[in-house]
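Remarks on the structure that follows.
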Amino acid sequence: MTCPRVEVRLDRVGRNARTLVDRLGSIGIAVCGVTKATGGSPKVARELLAGGVTALAESRVENVERLRRAGIATEIVLVRSPMPSQAERVVAAADISLNSEVDVIELLSSSAVRAGRLHGVVLMIELGDLREGLMPGDVLDAARRVASMPGVVLRGVGVNLACQSGVIPDASNMAELSAVAVCVEADLGVELELVSGGNSANLAWALKEPAETGRINHLRLGESILLGRDPLTRAPIAGLATDAFTVVGEVIESKIKPTRPRGSTGQNAFGDAVGDAVGIKGRDRSCRRVIVALGRQDVDPDGLEMPEGYRIVGASSDHLVVEAGCDAPVPGAELRFGVNYSALLRAMTSASVLTCFTDEAPA
Ligand SMILES: *Cc1c(COP(=O)(O)O)cnc(C)c1O
């Protein structure tokens, strides 16, 4: 089979989605399924929808367009603030976007009017993580301006934590978001449909008992559904599969070699000073070194989970060097690696990695 490839167990993705949708549904929180780590894969999107997510979310307009071309008609949210130069495409392909710049919303407004469409706006609030978001003191003014624009409708408010600075969603910052929602509603005399509390990093907060979710009724989940892990700790989430995605690479060399380089050394291809970093300190010994045809162009090597008995030595653009304990794989053998979010993202968006979808393998 073609290597390198990512094998996607769609059944596991679907079950993870269903489990989270059910758990959160019982406390009044709807799940929007985020496909961006898969580059907007229509197959993954359909699996999320079968698992009960109420909408899809993407970070890039070209991925939204890919989902539309595949015939997906569900509501799609653009979670990265639109590029002004793409306002028309955003309005044409996405139903809602998360926004923090009123001038950009003006462009969405005029594009929507020209296209005869109504575009949903969620205003993002900065509550500590310091990526996107209006400062809380500026929200009312922005909300009033959005409410007065044609072609757009204020669907809600939201926040994104953890991604930039690792700020943990907790009772305090979530209460702040609820308070912002209440304040906007009182000021405009409307009811906000979406109070979007965040991403997979919100799960520990959301599922803590007793539930104290305030006005928050929406989360945007990617990593937890795809990889079954809590991004704050990367610990597996109880009841979810962590192995829906596997990267497979092919062995191209397998030999007993010394563990220490010979000759004087400078920087390697990626600017690392070889030495401590690649674990060659200490006494020289011999071991089995295996080269896999898998490199930085295909995956983030630091995000690969080695198969049992293997240890990563290093990686360049096209070569992954691993030390093998006892096994002696021959050239042509395949090695299978678990992935973290970074390795998954690179593999699914790399033009040199094939994606294969499998359903439940026969027992
Ligand atoms: C990526 C992203 C998400 C999804 O994050 P996960 O940690 O994968 O659940 C949600 N919201 C925004 C704004 C994002 O950029």
Side-chain angles (χ1 to χ4, degrees), residues 13 16-17 19-21 23-24 29-41 44-45 48 51 53-61 63-64 75-83 90 94 96-101 104 120-134 155-169 173-174 177 194-207 216-237 240 242 244-245 300 303 339-349:
V13 173
N16 282 357
T19 302
L20 289 172
V21 163
R23 283 184 197 168
L24 291 164
I29 292 180
V31 174
C32 174
V34 183
T35 52
K36 71 187 184 202
T38 69
S41 159
V44 169
L48 298 181
V53 306
T54 52
L56 297 168
E58 253 305 328
S59 54
R60 292 169 189 256
V61 73
N63 291 347
V64 180
E75 192 161 80
I76 302 182
V77 183
L78 185 71
V79 295
R80 185 173 69 181
S81 187
M83 285 187 232
V90 169
I96 302 182
S97 54
L98 307 187
N99 286 273
S100 55
E101 289 285 355
V104 175
V121 167
V122 171
L123 286 177
M124 295 299 278
I125 324 293
E126 160 53 43
L127 292 180
D129 201 55
L130 296 176
R131 202 178 69 180
E132 71 273 35
L134 290 145
R155 300 271 302 260
V157 292
V159 65
N160 194 67
L161 298 176
C163 283
Q164 174 68 28
S165 310
V167 169
I168 298 173
N173 47 40
M174 289 299 110
L177 179 63
L194 301 172
V195 184
S196 190
N199 54 48
S200 295
N202 283 66
L203 283 173
W205 159 80
L207 298 172
I216 287 137
N217 62 7
H218 184 263
L219 289 178
R220 313 170 303 269
L221 302 182
E223 178 167 359
S224 52
I225 297 177
L226 301 174
L227 296 179
R229 289 181 187 271
D230 178 341
L232 289 171
T233 57
R234 297 269 135 63
I237 298 170
L240 300 192
T242 56
F245 295 83
D300 174 2
V339 287
N340 74 3
Y341 192 77
S342 172
L344 172 68
L345 176 72
R346 184 95 54 92
M348 291 291 293
T349 55

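The structure presented is a predicted model; accordingly, all values stated were derived computationally and were not measured. Every number for a ligand or one of its atoms is a count from 1 in the order of the listing. In what follows, residues are counted from 1 in the order of the sequence shown. All values below were derived from every heavy atom in this structure, side-chain atoms included, with hydrogens, water molecules and symmetry-related copies excluded.
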Trace of the side-chain contact (heavy atoms from CB on, under 4.5 Å) decision for V34 with L226: CA-CA 9 Å; V34 183; L226 301 174; over 6 Å; no

Within-4.5 Å side-chain heavy-atom neighbours: N160 and R220: yes

Flag side-chain contact, heavy atom, 4.5 Å: E223 against R234: yes

side-chain contact (heavy atoms from CB on, under 4.5 Å) evaluation trace for L203 with D230: CA-CA 7 Å; L203 283 173; D230 178 341; 5.7 Å; no

Contact check, side chains of L24 and L207, non-hydrogen atoms, under 4.5 Å: yes

Among K36, Q164, M124, closest by any non-hydrogen atom to atom 3 (C) of ligand 1: K36

Nearest protein heavy atom with distance in Å, relative to atom 9 (O) of ligand 1: S200 OG, 2.5 Å

Close side-chain approach of W205 to I216, heavy-atom, < 4.5 Å: yes

Atom 12 (C) of ligand 1 - nearest protein heavy atom and its distance: N160 OD1, 3.4 Å

Closest protein heavy atom (residue, atom, distance) for atom 11 (N) of ligand 1: R220 NE, 2.8 Å

For atom 8 (O) of ligand 1, the protein heavy atom that lies nearest, with its residue and separation: E223 N, 2.8 Å

Nearest-neighbour protein heavy atom for atom 5 (O) of ligand 1, which is reported as residue plus atom name and distance: N199 CB, 3.3 Å

Side-chain touch M174/N202, heavy atoms, less than 4.5 angstrom: yes

Contact with ligand 1 for E132, non-hydrogen, under 4.0 angstrom: yes

Test of proximity, R131 against ligand 1: N or O pairs below 3.5 Å: yes

G222 N/O to ligand 1 N/O under 3.5 Å: yes

Polar contact flag for S224 and ligand 1 (N/O pairs, less than 3.5 Å): no

Contact check, E58 vs ligand 1, heavy-atom distance below 4.0 Å: no

Atoms of ligand 1, numbered as shown, that sit under 4.0 Å from any heavy atom of L221: 9 (O)

